Participant: 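Below are the C-alpha cells for one structure; questions will follow.
This one's a predicted model, so the numbers in the text were calculated from it and none came from an experiment.
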4 protein chains.
Amino acid sequence: MTTEYPRRSERSRSAILVATQDLIREQPYPKITIEGIAARAGVGKQTIYRWWRSKGAVVVDALATQNSTDDLLPLPDTGDLATDMRTVLRATVDEFTSPDVEPLFRALAIESLQDPALQRQVVDQIYRPQLAQVDVRFRSAQKQGQIRSDVDSAIAFELFVGPIFHRWMNGTFTLDYAHADTVVHLAMRALAP
Amino acid sequence: MTTEYPRRSERSRSAILVATQDLIREQPYPKITIEGIAARAGVGKQTIYRWWRSKGAVVVDALATQNSTDDLLPLPDTGDLATDMRTVLRATVDEFTSPDVEPLFRALAIESLQDPALQRQVVDQIYRPQLAQVDVRFRSAQKQGQIRSDVDSAIAFELFVGPIFHRWMNGTFTLDYAHADTVVHLAMRALAP
Amino acid sequence: MTTEYPRRSERSRSAILVATQDLIREQPYPKITIEGIAARAGVGKQTIYRWWRSKGAVVVDALATQNSTDDLLPLPDTGDLATDMRTVLRATVDEFTSPDVEPLFRALAIESLQDPALQRQVVDQIYRPQLAQVDVRFRSAQKQGQIRSDVDSAIAFELFVGPIFHRWMNGTFTLDYAHADTVVHLAMRALAP
Amino acid sequence: MTTEYPRRSERSRSAILVATQDLIREQPYPKITIEGIAARAGVGKQTIYRWWRSKGAVVVDALATQNSTDDLLPLPDTGDLATDMRTVLRATVDEFTSPDVEPLFRALAIESLQDPALQRQVVDQIYRPQLAQVDVRFRSAQKQGQIRSDVDSAIAFELFVGPIFHRWMNGTFTLDYAHADTVVHLAMRALAP
DNA sequence: GACTAACCGAGACGGTACGTCCTGTCTTGTC
DNA sequence: GACAAGACAGGACGTACCGTCTCGGTTAGTC
C-alpha cells in the first residue's frame, strides 16, 4: 500500500496531459511551449517541472495516457495471420491519418529524435510491449506453418510496419487501406515458408 | 541563362552551409541556432535570413549540397537486382551509421516533421530523384524476370528501405550489413515472380 | 497602503539604476544601450522592459534616484534673495560642470527632447517640485520688498536659470561662478521693485 | 574660380536635404534613419555618406539651408531697442511654435547634445553670426544710452533668449507673444543704465 | 568623339541592438 | 509540502539600421 507521489495533485496531472494533447492537435508543434501548456492547464510552470524532465517527457506521457485509455492494439487472433496483420496495419493507417492521434505521434517523433533518453523511453514503454504481443502472435503462426520459422520477430514486424512508417514520416504517398493490404500481401509472401 | 542571384556572395553562401554541417555534427541538434551558424560562418544573421526562410531550409540546403558533392547513390547495375540492392542498402546502413552523415539526416527529419513545406522540399529534391533512379533499375529487373511486374516501384522500394528506416528512426535495434542483407533477402522473396 | 510592486526585486532595481548612472558617466550617450545596462547590472533584459517603458524612462529614474539621495536644492534662506540665488546658481553651475552629474542631465535632455511623455515626466517629477520651493522663497522676498510683486514666480525663476541653461546646452561660453553672479546681479535688477 | 565639389550632383544634394526636412516634420525624430532619408530622396546611401559625416551633419545642413532661404533674423533697427527685441523674440516664439521649423530645431538640439563636434558647428555656423548682428544692435543702443555699457553682448542676449529657450526645451509653460513681451520688459529693466 | 575617372542608384555584406518570447530556477503566499 | 502565480537571469528569435563594400550605368571634363 505505497503512496508513490504522496501529495501529487491528480487534478493538475491530468489537466497538464489533456492540455498538452489539445495544444498538439490545435497548432503546429514548434509553437507549443511549457508556458502555453501551464496556462492552458491552469497550472504553475513549476508543477510541470516538478514532475517531468522536459516538454518531450510530457508529450510521451500524454501519448501513453491516450493510448492506454484507447487500449493500444489488442492484436486480434483469428487463426489467419494475414487477416490479423491486415487488421493491425489498417488500424495503424487510421492512427497515422487521424487528426486526433497523428499530431501526437509527430510530436513524439520530433522529441525522440532530439533526445536519446526520450527515444529509449519511447522504445521501452511503447514499442517493446507492442512487439512482445506481436512476437506471441508470430510464434503461433509459425507453429501453424503460416510463416517461416527462421525469421526474427522484430525483423518480421518491421517488414510490415516499416513501409507504412516510412510513407508516413516522409509524406511521400497517400496512406490508405489498399496500401496497407498491399504491404501485408507482400510481407506475407516474404515470410511464406 | 540569367543570373539567378545577381549579387549573392558565394563566399558567404558556402561558409554558411559548411558551418551548418559542422555544427550539426559537433553537438546535439536542439543546441544549434541561427546565431551560432552566423557566428561560425563569420556572417551577419541577416545574410542567412535574406536567402533562407528558416533554420530548416538551411539544413536542407546543407544536406543537398553535401549529397550533390558526394554524388549520392550511383545505383549500380550488375544485372542481378539482389546484389545491387544489397549494395544500396549497405550504403544506406553506412550513412545511417556514419557520424558525419547521420546527424544531418536526423536534423533533416526533425525539421521536416515540423514544417510541411520543408517536408515537400525534401521529398521533391532528395527523395524523388532517388526514387526515379530506383524505378529505372526495377523496370530493367522486371524485364529480366527477376521480380514481379504488378508491383509499383514506390512500394517495392519502401519494402527495402522501410524496415531499415524504421530501425534507424526508432533506434530499436542495431543497423549492420547482416541486417541489410536479411532485409534484401526477404524483400526479394516478396517481389519474386 | 498597498504594496505597489508586489514582488519586485529591489536588488535588480537598484543595480539597474546604478549601472545606468555609471555607464552614462563613462561613455558618450549614444553608445549606451539597454543590453549594455542589463549586462552591467547582471540582469536580464526583460527585467528592464518589465518595469520601464524605454531607455529614457530608466534615465529619468536614475537621475531622480541620485537627486533624491543628494537631496536636490535645499534652497537656502538667509533673508537676502540675491545671496541665496547666488548660492543656488553657483550650485547649478557646479552640476552643469561636474563630470558626475552633467552627463546625466545631458542624457535626460536628449531623451526628453525625443519623447513628449518623458518630457512631461521630467517636468512633473523634477522641475515642478524645484519650482514650488523657489516659489515659496520668492513670495517671502516679495513680502520683504526685495523684489516686485507683479512678476510670476515661473518667469522670475526662468530669468535666473534661463541664461545659464542656454549657455550649458549650446556650449557657447564658459560656465563659472563669475558668470552665475553676473546673471544673479542682472536678474535682481530686472526684478527690483 | 574653384570647383569645390567638382562633380557633385546638385540634384541629389537638395533632394537629400528636402527629404530630411520633410521626414523630421512628419514623424518623431528617433524614427528618422539614413536609410529612410536615402529612400525618400531616391538616392543611394553611399551618396549621403560621401558628403556628410553623420545624420546630425545632414540635419545641420538641412536647417542651415532652410534658414538661409528664409533669411534668418533680419534684426530690425527702429531706434528703440525694446521694440526691436520684442520683434525678435516674437519671431523666435513663432519659430519655436511653428510645426515647420520647431522639429528641425529639436532635431538639431538632439544631435548637438550627442556630438560635441556638431555642437561646435552649430554654434559657429548658426549662433555666432546671429550674435554678431545682435552685438552691433546692442552697441548702437548703448551709444544712445538705452542700455548700460558694462554688460557683455553675449550675456545681454542670453538674458533675452535664455528664458524663452528654457521654456521651449523643457516644455514647462506656453510660449506666446505675451510671454515674449514680458521677458523683453524684464530684460530691458535689467540692462537699464 | 572617344576616353576615363568620379559619381550615381541600388543593395548585399558583417555587425550591433532592438524588443519579444521562452527556458528553467527562484520566491512568495495560499490551501 | 504541493500548489498558482509570476519575477528572475539568460539566451535565441527575427527585424531594423549602421557604415562599408561592390556592382553596372551615367555623366562630365580631358585629350
Participant: Is the side chain of D:Arg40 donor-acceptor paired with the backbone N or O of D:Ala19 at a distance under 3.5 Å, no angle test?
Facilitator: no
Participant: Does E:dC13 have OP1 or OP2 under 4.0 Å away from a side-chain N or O of B:Arg50?
Facilitator: yes
Participant: Describe the nucleic acid contact of A:Gly42 in one word from base, sugar-phosphate, nothing, applying a heavy-atom distance below 4.0 Å.
Facilitator: sugar-phosphate
Participant: So does A:Ile32 get a backbone contact from the side chain of A:Lys55, meaning a donor-acceptor N/O pair under 3.5 Å?
Facilitator: yes
Participant: Return yes if some donor-acceptor pair links the side-chain N/O of A:Arg106 with the main-chain N/O of B:Leu113 below 3.5 Å, else return no.
Facilitator: yes
Participant: Measure from the side-chain N and O atoms of C:Gln119 to the backbone N and O of D:Met169, and report whether any donor-acceptor pair falls under 3.5 Å.
Facilitator: yes
Participant: Salt bridge between D:Arg53 and D:Asp115, side-chain N to carboxylate O under 4.0 Å?
Facilitator: yes
Participant: Which nucleotide sits closest to the side chain of B:Trp51: E:dC13, F:dC13, F:dC3?
Facilitator: E:dC13
Participant: At how many degrees, to 10°, do the end axes of the helix from E:dG1-F:dC31 to E:dC31-F:dG1 meet when each uses five pairs?
Facilitator: 10°
Participant: Between the side-chain atoms of B:Lys45 and the base atoms of E:dG15, is any donor-acceptor pair under 3.5 Å?
Facilitator: no
Participant: Reading DNA chain E from 5' onward, which residue's closest nucleotide shows up sooner: C:Ile32 or B:Ala41?
Facilitator: B:Ala41
Participant: Provide, to the nearest angstrom, the distance between the CD1 atom belonging to B:Ile16 and the C1' atom belonging to E:dA12.
Facilitator: 12 Å
Participant: Tell me which of D:Glu10 and B:Gly44 sits closer to the 5' end of DNA chain E, going by the nucleotide each one is nearest to.
Facilitator: D:Glu10
Participant: Please determine whether any donor N or O and acceptor N or O are separated by less than 3.5 Å between the side chain of C:Gln46 and the base of E:dC21.
Facilitator: yes
